[in-house]
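Since the structure is predicted, the reported quantities are computational estimates derived from the model, not experimental observations. Both ligands and their constituent atoms are indexed starting at 1 by order of listing.
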Amino acid sequence: MSDDQYESVSGNTRRNRCLYIVLGVVLICVLVVGVSLGLALSPKGVKSEILQRCETYKKLHPEVSSGNDCQKIWTAFEQAYVGRNSCDVPVENYDTLIRAVKQEIQCNKTLFWSKSKDLAHAFTEKRKCKMTLEDTLLGYMLDDLTWCSKPDSKETFSSNCPGWTDCEKNPVRSFWVRASANLAASTCGHASVLLSASVNPPYNQNSIFSSVEVQNLNHSILDSMAAYLVTDVTDKTNCNDASLVTLKNDLPPNVEFSCKEMPLSDFQMCLSDLDKPCLGCH
Ligand code: JS2
């Protein structure tokens with residue numbers, strides 16, 4: 001093979017190699033963009049996700065099935081934010097939704113949480129004696145979702161929406177404030193709150209639990225609030241922490257307050273030994 005022939009062959013090989021590399025890079029880019037776009041629920045996605053969760057919840061909780069029409073619930077939800085500036089969705093815009101969802105909050109079951117969502121959900125996943133907001137139909141449908149719209153749009157978006165602190169009246173924040181206030185106002189008998197000793201302070205007056213739920217408790221139906229402070233081996237904080245005295249004072253005067261430290265190891269035992277008395281459950 002002459003030098004020229006060898007040159008042209010090796011030239012072709014180099015050209016092909018570059019072509020493959022370029023193609024490879026393009027393919028990877030397309031994949032990354034596709035996945036990121038795919039992750040944000042497409043507009044159809046938010047609606048179908050919520051409707052699907054609503055139907056699933058009704059199957060899992062026949063006691064709330066008859067009274068709740070998922071399509072009507074979606075319509076009541078959508079009217080709160082669709083076509084509006086996504087920084088101008090006040091809390092009361094969800095009043096129609098709250099009225100559309102029929103679910104009685106049983107006494108002695110409410111479990112509030114603050115900076116301890118995963119622990120609280122790990123508990124209610126295993127022990128049905130307690131119920132967090134996300135274990136109710138309303139919370140279950142919207143947990144970990146993002147939604148917003150635009151002025152004069154009929155669409156629901158799940159990306160490019162304002163974050164929790166970007167503006168106060170954003171659709172997601174206003175929803176959780178309204179839903180949390182509704183749960184607190186409906187909570188009766190003995191309530192519980194799961195707090196974390198790994199957070200300082202464990203009770204923060206800027207939290208949703210304090211600024212919304214404690215403020216909306218109905219003292220005429222609520223008898224007591226038991227705080228469970230989950231402590232890890234390194235935590236120094238205990239029930240004598242000043243913030244827990246603040247919680248006691250923030251509660252309606254007739255509501256009896258108690259606080260119990262709970263080593264994380266004990267808490268984990270509650271998830272494996274379901275007969276072990278835990279969080280007031282026997
Ligand atoms: C965005 C969400 C979600 O008692 C609890 C719950 O009932 C809750 O609604 O409010 C309390 C927790 O809020 P807090 O005390 O501010 O604790 P945190 O750990 O800072 O949680 C803040 C998020 C509360 C609202 N929220 N927000 N996306 O999926 C979502 N789920 C909830 N409850």
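- Both the backbone and the side chain of S114 come within contact range of ligand 1, each with a heavy atom under 4.0 Å.
- Under the 30°/60° scheme for interplanar angles, the aromatic rings of F77 and W74 are found to be tilted.
- Residue contact check: K115 has heavy atoms under 4.0 Å from atoms 17 (O), 18 (P), 19 (O), 20 (O) of ligand 1.
- Using a 4.0 Å cut-off to heavy atoms of S180, the atoms of ligand 1 that qualify are 8 (C), 9 (O), 10 (O).
- Summary of contacts: the protein heavy atom closest to atom 28 (N) of ligand 1 is W176 NE1, 3.5 Å.
- C239 approaches L244 most closely through the heavy-atom pair CA-CD1, 3.6 Å.
- Scanning the protein heavy atoms around atom 24 (C) of ligand 1, the nearest turns out to be I208 CG1, 4.0 Å.
- Using a 4.0 Å cut-off between a side-chain N of Lys or Arg and a carboxylate O of Asp or Glu, K117 and D143 qualify as a salt bridge.
- When each atom of ligand 1 is checked for a heavy atom of D144 under 4.0 Å away, the hits are 3 (C), 29 (O).
- The presence of a protein heavy atom under 4.0 Å from atom 22 (C) of ligand 1 is ruled out.
- By the criterion of a heavy-atom distance under 4.0 Å, neither the backbone nor the side chain of R173 is placed next to ligand 1.
- For ligand 1 and K117, the ligand atoms under 4.0 Å from any heavy atom of the residue are 3 (C), 29 (O), 30 (C), 31 (N).
- Set against the non-hydrogen atoms of F112, the atoms of ligand 1 under 4.0 Å away are 4 (O).
- What sits closest to atom 5 (C) of ligand 1 on the protein, heavy atoms only, is W113 O, 3.0 Å.
- Distances between N or O atoms of F209 and those of ligand 1 include at least one value under 3.5 Å.
- Residues Y203 and T246 have side chains that never bring a donor and an acceptor to within less than 3.5 angstrom of each other.
- Less than 4.0 angstrom separates some heavy atom of E134 from each of these atoms of ligand 1: 31 (N), 32 (C), 33 (N).
- Within 6.0 Å of CD in Q79 there are more than 12 heavy atoms belonging to other residues, nucleotides or ligands.
- Note: F209 and F112 have tilted aromatic rings, judged against thresholds of 30 and 60 degrees for the angle between ring planes.
- With respect to E55 and K59, no salt bridge is recorded, no charged nitrogen being found less than 4.0 Å from a carboxylate O.
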Apply the test side chain to side chain contact (heavy atoms under 4.5 Å, CB included) to residues F157 and K150: give CA-CA distance (whole Å), side-chain angles for both, the deciding distance (0.1 Å), then the verdict.
CA-CA 9 Å; F157 306 102; K150 287 190 179 75; 3.7 Å; yes
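- Ion pairing between a basic and an acidic side chain is recognised when a charged N comes within 4.0 Å of a carboxylate O; D273 and K276 show no such pairing.
- The protein non-hydrogen atom at the shortest distance from atom 7 (O) of ligand 1 is E213 OE2, 2.6 Å.
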